[in-house]
There are 2 protein chains.
Amino acid sequence: MADSKKVRFSYETLNQLCMDAFQKFGFNEEKAKIITDVLMTADLYGIQSHGMQRMVRYYKGIQKGTMKVDAEPEVVFETPVSAVIDGHDGMGQLNGHFAMKLAIEKAKKNGVGIVSVRNSNHYGIAGYYAKMAAKEGMLGFSSTNSETIMVPTYARKAMIGSNPQAWCVPADPYDFLFDASTTVVTRGKLEMYNKLGEPLPDGWALDKEGEPSNDAADVLANIAAHRGGGIMPLGGNTEALGSHKGYGNGMVAEIFASILSQGFTSNKTMKDNKSGICHGFMAINLANFGDPEAIKKHFSEYLQELRDAPKAKGQDRIYTHGEKEIEAIKDRKENGIPVIDKTMTEIQDLCNYLDLDFSKYFGDYVPPKSENMFTGNY
Amino acid sequence: MADSKKVRFSYETLNQLCMDAFQKFGFNEEKAKIITDVLMTADLYGIQSHGMQRMVRYYKGIQKGTMKVDAEPEVVFETPVSAVIDGHDGMGQLNGHFAMKLAIEKAKKNGVGIVSVRNSNHYGIAGYYAKMAAKEGMLGFSSTNSETIMVPTYARKAMIGSNPQAWCVPADPYDFLFDASTTVVTRGKLEMYNKLGEPLPDGWALDKEGEPSNDAADVLANIAAHRGGGIMPLGGNTEALGSHKGYGNGMVAEIFASILSQGFTSNKTMKDNKSGICHGFMAINLANFGDPEAIKKHFSEYLQELRDAPKAKGQDRIYTHGEKEIEAIKDRKENGIPVIDKTMTEIQDLCNYLDLDFSKYFGDYVPPKSENMFTGNY
C-alpha cells in the first residue's frame, strides 16, 4: 500500500472551498457557513477525521437522501429551560448549531437550557457546541449517539455508538475543553492501523466472539458486516480496569441524545438509508452560582496548578483539556492545515463534478491520480 | 495476617445501631435518620466501603472537629434553578441530602435544579443523591471531590480526588444507576490487595516517580506520606488507552463540586484538620422533554435490548447499571448485611465508649478481640 502523504493548505483556502462546495450542494450561504465552521474548527483543532475531509462523505449522504438539504429543525416540545427538536434528517451541524443556540438563549434568560435533538445526522466534533456556550461565559455540554461501535461489558455485539461527551468551561489562558468518545478509541484509529498494516494495541478491540483482538482488518470487516465485535468502552473489557465505567459514560451521552428526545437509540441508527442520529446539549449560566469572573479565576488557578504539578519520570509536561487544541490552532494558522493527498484526489474529483475550478483554490498543485477511478459518483 | 471473616446481621439491627450511635454523637433523630439511610443504602447496594463501617471513622472526624455536629447548611447564593451552599463543615450526608432536596424542589417548579456545595465532608455514595431525583421521576446527577488520589496523565503526584459521578434515570424494571469513581479503582481496592498481600493488577497504580507499580503497600505508604504516586485515571496512564478521558471525567466531577461553589479543589482538601470537600447536584425534570412515562418506557426498552444482546464467549449475562445493586438489596434483605468481624470489634468498642449495649443489637455474638488494644479513643 502506498504511503499517505500530507499536504498543507491555508485555512482560508480550505474554508473557501468548503463554503463554495456546500453552496453547490444546495445550502444557502448562512447554512454553508455554519457547516463549514464546524468542519474547519475540527481541522484547526487537529481532529482531521472530523474536518473538511468529511465533505465528500457528506455529499454521498446528501445524494443518497440520508441527509436532507432542505430540512429545517423543528421545536416539537419546549419549556423555559428545555426543548426537544426534530431535525427532520437535516445536517447534524445545522441541527446542532440551532439546538445549542436555543440552549444558550434559554440559559441567558432562565439560567439553564437543555435541548435534545432526534432525527439528525453526524454533527462533527461534539466540542464545537460545548465551546459555543463557553464563548458566552457558560458551562457547555454536548453529546451525540452514533452508529454502534461500542461493545457493552460482557457483550459480543456493538450496541452503543462511540458516544462522545464534550464539556467546556471558560478559563484563562484557555478554556477547559474536554471532548472525547466514551470508547477507548474511535473507529478512525482502527482504520489508521489497518491502513498501516500494524497490529492493534491491546485493550482496544473485540473480535466477533467478543474476545480481544489485535487484527484491525478483521475487526473492521466484522463491524461492517454486523457479524459482532467492535471497540471496547473506555476501561477495556473487564470490570477490573473499569469497562463498566466507560460503558456507563456512553449511556450518559445516549440519555441526553436519544432518550430525552425519544429518538433512535444507537442500535437503531443507520438503517434503511436513515441516520436517525440524536444529540444532546446543555448550557449552564455561570451567573447561577455567583460572579462568573470569580468562578473563572478560581478554575483557572486550579488548571494552572495541574499544569505545574510534578511530572512523571520521562515526561516534561502535563496538559489540561483544551490546551492541545490551542496549540494545534496556532500551528494550523501559521503552517496551514494538513490534508492527506488522497483526500485531495477526492476533492479534485468533487470539484470537477460540481463544476468548481480546483486550480482556483490550489493553484498548480496536482494530487495523486485516483486509484479507484472515481467517476464523480460519490 | 489473620484472614478477615464476615458476619451477617439484619438490616434492621444495623440500622438501629446506626440511628442510636449518631444520636449519641449529638445529632437529632431527623439528622441521624438521614445519615443512617445514606450509609445503610450503601450496605444494601453491596458497597460496604461506604456503609455503616464508616461510622467509627466519622466519629473520629467529629471528635477531631473536622466534622461539626451543630453545622447547618446555608444557602449563600440562589436563583430559581440553582444554589450555592456553604456546608460549614457539617456532615457530607446532611449537606448532600439538603442540597439534592433543594435541587429537586427547583426542578419541580422550574424544570432544573443545580446545586453546588462547599465546605462539606465525605458524603458517602454519590448514587444515593442521584437516586433521590430518580425517585421523583427526574434525571439525577451528583459528583463530589475528595482527598487527592488521582494522578493526572503524565504527572507523578495525585492532584484530583477519586471524584465519582453518579447518574440516575427512571426505568423499568429498575432505574439506570451509574455511580463510579473516575479513577480506575478506589483506594479501598488497593487497601484490600494490601491486606491480602497480593500484587496489584497492571493498570491501577503509580509509584512516587509516576511509574506503574504493583506494590500496594508502597503505593499506599507514598500516598499517606504525600511522596507522590497514586491511582491512575480510568483509562490508565497513557493516552493510547484513554488516560486523558478518565482525567477529564474527574475534572467534570470537580467542576460541579468545587468550581461552581468556589470551594476547595481536591488538592486543597484535608489540610489542617479541615476537610473542605465539595459536592455537585443536578435534578432535571423529565417533564421538560415530553411525557415522563413515555421517556421512561423508551429508555427501558433500550436497557432491555442491552441485557438481551449476544454475550461474549464465556459470559452469560450483560448488566445494565443499577442491576447489581437491585440484586445486592435482595440478598442483603434476605440474608443480612455482611460486616467484617474486625469492624465488629471496633463497633463493640464504640458501643462501650458511647454507653450503648452491644448485646442489645448483637445478642451473644462475640467479635474478635481488638489486636490494637483500642481504648475507645478513635
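Heavy-atom basis, side chains included; hydrogens, waters and symmetry copies ignored.
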Among the listed options [options], the residue most often paired with chain B at heavy-atom distances under 4.5 Å:
| options | answer |
| --- | --- |
| A:Gly111, A:Gly290, A:Ala180, A:Gly203 | A:Gly290 |
| A:Met232, A:Met251, A:Lys157 | A:Met251 |
| A:Lys268, A:Gln165, A:Lys189 | A:Lys268 |
| A:Leu139, A:Val184, A:Asp207 | A:Val184 |
| A:Ser261, A:Gly210, A:Ala312 | A:Ala312 |
| A:Thr79, A:Asn288, A:Asp179 | A:Asn288 |

Is chain B contacted by the side chain of [X], its backbone, both, or neither, given a heavy-atom distance below 4.5 Å?
| X | answer |
| --- | --- |
| A:Ile295 | both |
| A:Glu209 | both |
| A:Asn237 | neither |
| A:Val84 | side chain |
| A:Leu234 | both |

- prompt: Which of parallel (below 30°), tilted (30 to 60°) and perpendicular (above 60°) describes A:Trp167 and B:Phe256?
  reply: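 Rings of A:Trp167 and B:Phe256: perpendicular, over 60°.
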
task: Kindly assign one of parallel, tilted or perpendicular to the pair A:His279 and A:Phe281, based on the angle between their ring planes and the thresholds 30° and 60°.
output: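 A:His279 and A:Phe281: perpendicular rings.
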
task: Verify the distance criterion only: is there a donor paired with an acceptor across the side chains of B:Lys245 and A:Ser181 at less than 3.5 Å?
output: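 Looking only at side-chain atoms, A:Ser181 and B:Lys245 do form a donor-acceptor pair, the distance falling under 3.5 Å.
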
Measuring heavy-atom distances to chain A, does [X] have an atom under 4.5 Å in its side chain, in its backbone, in both, or in neither?
| X | result |
| --- | --- |
| B:Pro152 | side chain |
| B:Ile284 | side chain |
| B:Ala294 | both |
| B:Leu306 | both |
| B:Leu241 | both |
| B:Leu206 | neither |
| B:Phe299 | both |
| B:Gln262 | both |
| B:Phe141 | neither |

- prompt: Looking at A:Thr265, A:Asn163, A:Asn249, which hits side chain to side chain donor-acceptor pair (under 3.5 Å) with A:Glu254?
  reply: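 Single pass found, and it is A:Asn163.
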
- request: Taking atom NZ of B:Lys108 as the centre, report whether more than 12 heavy atoms of other residues, nucleotides or ligands fall under 6.0 Å from it.
  value: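 Counting other residues, nucleotides and ligands, NZ of B:Lys108 stays at 12 neighbours or fewer.
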
- request: Verify the neighbour count for atom NZ of B:Lys324: are there more than 12 heavy atoms of other residues, nucleotides or ligands below 6.0 Å?
  value: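 Count over threshold, so yes.
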
field: Pair B:Tyr174-B:Glu325, side chain to side chain donor-acceptor pair (under 3.5 Å): steps then yes or no
entry: CA-CA 10 Å; B:Tyr174 16 71; B:Glu325 285 82 349; over 6 Å; no

With respect to chain A, which residue among [options] yields the maximal number of heavy-atom pairs within a distance under 4.5 Å?
| options | value |
| --- | --- |
| B:Gly242, B:Pro310, B:Gly314, B:Ser266 | B:Pro310 |
| B:Val185, B:Asp316, B:Val169, B:Ile160 | B:Ile160 |
| B:Ile255, B:Thr153, B:Leu303 | B:Ile255 |
| B:Tyr154, B:Tyr319, B:Phe176, B:Trp204 | B:Tyr154 |

field: Side-chain ion pair, B:Glu293 and B:Lys297, N-O less than 4.0 Å
entry: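 Salt bridge: no.
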
field: Salt bridge flag under 4.0 Å for residues B:Glu211 and B:Arg156
entry: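 Salt bridge: no.
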
- prompt: Which value, rounded to the nearest 0.5 Å, describes the distance between B:Met150 atom CE and B:Met159 atom CE?
  reply: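 With rounding to 0.5 Å, CE (B:Met150) is 12.5 Å from CE (B:Met159).
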
- prompt: When the ring centroid of A:Phe178 is compared with that of B:His244, is the distance short of 6.0 Å?
  reply: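 No, they do not, as the ring centres are separated by 6.0 Å or more.
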
message: Is there a side chain to side chain contact (heavy atoms under 4.5 Å, CB included) between A:Met138 and A:Asn285? Walk through the geometry before answering.
response: CA-CA 5 Å; A:Met138 297 177 181; A:Asn285 201 326; 3.9 Å; yes

Closest non-hydrogen atom pair between B:Ala107 and B:Gly113, with its separation: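 It is CB-N, 3.9 Å.
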
A:Lys311 side chain vs A:Ala309 backbone, donor-acceptor pair below 3.5 Å: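 Present.
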
